[in-house]
Amino acid sequence: MSSTHDAYECTQLLKLSVQIESLAAYDDKLLVGTKQGHLMFYSVTKPDSNKNDQKHDVKLLRYNKNFSKKPIQQIAVVPEYDIIVKLSDNIICVHDLSCANFSLIKPLNKTKGASLFTIDIQRNISMTGVTSSTVRLCVSVKRKLQLYYLKNREFFDLIPEITLSDIPRALSWSQDSICVGFKGGYAIVTLDGKELELFPTGKQLEPLVNKIPGKDRDIFVLGKETQSVFMETNGAPSTAMGPGHIVKWSDIPTNVGYDEPYLIGALPESIEIKCWNVEAGTEITSLPLKARLVCPAKSGVVYLASTELIWALQAVPVHEQIQILLQKKRFELALKLANIIDNSEEEKMEKIYKIQTLYAFDLFHNKKYEKSMDEFFKLDTDPYEVINLFPELVLEENENAKQDMIDRDIENGYLALIKYLTEVRHKLMSEDTTCKYKSPDKLMQIIDTTLLKCYLQTNDALVAPILRRNFCNLEETEKTLKKHKKFRELILLYKTKGLHDKALDLLQKQAMVEDSPLRGHDPTIQYLQNLGKDYINLILKYSEWVLEAYPEDGLKIFTEDIPEVEGLPRPKVLDFLLRTEKHNLIIPYIEHAIHVWNETSSVFHNALVHQYRERILNSENDLKALPYKKKLLEFLETSEYYSPATVLEQFPQDCMFEERALINGKLRRHEHALSIYLILLGDYNRALEYCDKVYKEGKEGSDKVYVEVLKLLLSPPDSIPGVSVDLQNPNETGERPADIETALTLLEAHPSRVPVLEALSHIPDNVPLSRLKHFLAAGLRDIVRRRRNCQLLRGLLYAQRLQVKKQKMEHESKKLVITELMVCPVCKKRFGNQSAFVRYPNGSIVHYSCQDKMA
């Protein structure tokens, strides 16, 4: 006999002179059916562990030689109802278990021709603790299945017969599924008659079907040559066995029984005992017995039978098995046994936890890292203990030993640890774990720092995402990243910790290092662009070296179209550019602020005028000044936010006359502006354009602007305010000559825009009246037109007054009768004698104080 440990003690119980055909057992009772039709009823008592004699106490309680005339093919007991279900002579009969001779209760005549049956007993415990049983019977009659249910010790039809594709040779029933074994294969038959084909039996002659009862669901065990295959009741491979779904035997079993957590297989030359859902059916014990029947009685007791002999398998006490298994490091099986140990729930859970912990550590030391980490997570083991299993991740000085990851096992360990720590982290983030862990924040820090180290050894692409979580220990992480020369990741660490000065120092140093991932000025620019207004002093400090070396690119620190840059305090940036004398950058910055960000501050608009002016004045020639002059003229004319009086003081008096004219125009100094256009620049058309613009604006003084031109043409001034240019006087009298022709042309071209009386007061007396005919006629027409418009408006207003007066009379002619019974629809109160009220056009009357509340 070979074994990993002794799960059972085997004892021979009986040697009979008759041939054993079938067995049934429950509690400490054993029923034996023979080929001769005899039925024997025994009690089997477990030997006393305190006595040296370890034999079972077997007593024959009843014996009926005439139980059946034919061999008892199959027998089953339903102890809750004291009945025996027997298959003999191809018919099912129900017998009374409580009677001395097992008297017949009733044959099921409909089952004549039956070849086998199976019973499904469902035990339910009510809320009050009362156990009730539902008993169902399935009988195979040729190619049909007959289904019955038990009531008052009598079976009744459950559903109509189900016709199959072949004659069943093995049956098992669970819930709504019946597993049927045919000569060539297996199928699942549901109670609605559907048949789902599973798989063939292979070289095995007869099918073998058993059932493993479970708390939540049962599992079918099907024989396929030297294998037992586990299937769910819906026909899917069972997940309880893991990837294999099978148990392998050394030979083809003739029968299989189940005693938690073991499968007992009756092979031609031996009995094999295996744990069915641990380590792919690990063999526990092999017994040199030639048994063909396996009959579980109760937990820890299984009967075996050949044609003449009956043996009892008595389970070794569970706590003893566990002790042996722990010594042999068979933790999975020990856990299975710990679940069925007969202790209090608290003691059971404590035992299970201890075994699981030993199992998890054993898995780790056997390099089964992933499975080990799964166990640690299930156990809710302190993550500190798990991380300490990797000393090279905890002790910095040991890290070099496994830095190169030569050992594939170590890499697998890191990958398993990553999965474990990720799950723990998720659990910490989603649950209130303060009661379990005193310092969850510190634990989160250790987890993330350890994860980072693992990622550096396995997949450094995941380093950046974990740094963004901002839980890593700064000092340790900084040291690790520097050691691995992960400068990008180090920058991210500083950023998430708010250490922007350290990040920018590193960026500046790495910018000049060959082959550095941070080489160049772009990383610094991008970092500064994303800091925002709260770090304006830091931005200004670290932008200096970029602006000095790469001015155009450096300006993007302050002009990039992203919210962080747009939100920077612009006056401070402007002051910085002016103070550091970055002259080539000031105009582009101000232009961006005004034209892109729509900056309206007069500081910026004044500054732009000033910068344009200085560029024009400091240009070596007119060609270089031309672009700025064009921009300045356009800006002076279109901007509404610069201060004309302020900027005018800064303009020279001996040049830039066109710009001065525009500024005077903004100040509504029309005489000054027009003097420059007409006297200095001699541009009559530009003067007219100015007049036309001012007149159309319609502001105060706009109706006098053409008179100002007329005055300047007829009485040219000797000097122009604000201009220090000598005006030449061409005549002998020292006065500038009047330009009468141009003045008359102005009057003829715009007669309606020049007041007649004011114009006549300025025209010299020697001008012939005929030259003024067109102007005077136009003026007279304008006066007549305005008078006619006034008369028309007066007539319309009078007609409107009459209309309003008529409407008033009509409204006043209407009468209102208010009685004491009338109620205000708003406040629901009656109108008193002194009540003020309001009547609406629709006839509604409300209190005066309620009119605002009327919907």
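Small disclaimer: the values here were computed from a predicted structure and weren't measured.
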**Q.** I20 and L14: CA distance, side-chain angles, deciding distance, side chain to side chain contact (heavy atoms under 4.5 Å, CB included) verdict
**A.** CA-CA 11 Å; I20 300 169; L14 296 166; over 6 Å; no
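- Y262 meets the ring pair (Phe, Tyr, Trp, His ring centres under 6.0 Å) test with Y8; sequence neighbours excluded.
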Q: Give the intermediate values and the outcome of side chain to side chain contact (heavy atoms under 4.5 Å, CB included) for residues L97 and L31.
A: CA-CA 10 Å; L97 178 63; L31 287 88; 4.2 Å; yes
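- By the neighbour-count criterion of 12 heavy atoms within 6.0 Å, atom CD of E197 is sparsely surrounded, having that number or fewer from other residues, nucleotides or ligands.
- Here the two rings, on F376 and Y369, have centers that are 6.0 Å apart or farther.
- Of the possible polar contacts, one joining the N210 side chain to the V256 backbone as a donor-acceptor pair under 3.5 Å is found.
- Between the side chain of T34 and the main chain of H38, a donor-acceptor pair closer than 3.5 Å is present.
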Q: Check the pair I92 / L87 against side chain to side chain contact (heavy atoms under 4.5 Å, CB included), numbers first and verdict last.
A: CA-CA 5 Å; I92 300 293; L87 171 60; 3.8 Å; yes
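- Evaluated for a side-chain contact (heavy atoms from CB on, under 4.5 Å) with T450, the options V386, I418, L393 yield exactly one hit, L393.
- For N366 (side chain) and K368 (main-chain N/O), no donor-acceptor pair under 3.5 Å exists by modelled atom type.
- Taking the ring pair (Phe, Tyr, Trp, His ring centres under 6.0 Å) definition, one finds that Y353 meets it with nothing, sequence neighbours left out.
- Side-chain contact annotation: S174 with D218, donor-acceptor N/O pair under 3.5 Å present.
- Contacts of E320 classified as side-chain contact (heavy atoms from CB on, under 4.5 Å), with partners at least two apart in sequence or in another chain: V316, P317.
- Legend: salt bridge (charged side-chain N to carboxylate O under 4.0 Å, His left out) pairs involving residues 66-81, not counting sequence neighbours, sorted by first then second residue: K70-D89, E80-R123.
- Put simply, the side chain of Q74 never gets that close to the backbone of S22: no donor and acceptor are under 3.5 Å apart.
- Listed by chain and number, the residues in a side-chain hydrogen bond (donor to acceptor under 3.5 Å, both in side chains) with Q204 amount to none (sequence neighbours excluded).
- In this pair, F41 and F102 present their aromatic rings perpendicular. The plane angle is above 60°, beyond the 30 to 60° band.
- With rounding to the nearest 0.5 Å, the separation of OH in Y186 from OG1 in T201 is 6.0 Å.
- Using a 3.5 Å distance cut-off with no hydrogens or angles, the side chains of Q122 and D120 do pair a donor with an acceptor.
- Summarising the geometry of S68 relative to I72, their closest heavy-atom pair is CB-CG1, 4.2 Å, with the distance given to 0.1 Å.
- Not a single ring pair (Phe, Tyr, Trp, His ring centres under 6.0 Å) links Y420 to another residue, sequence neighbours left out.
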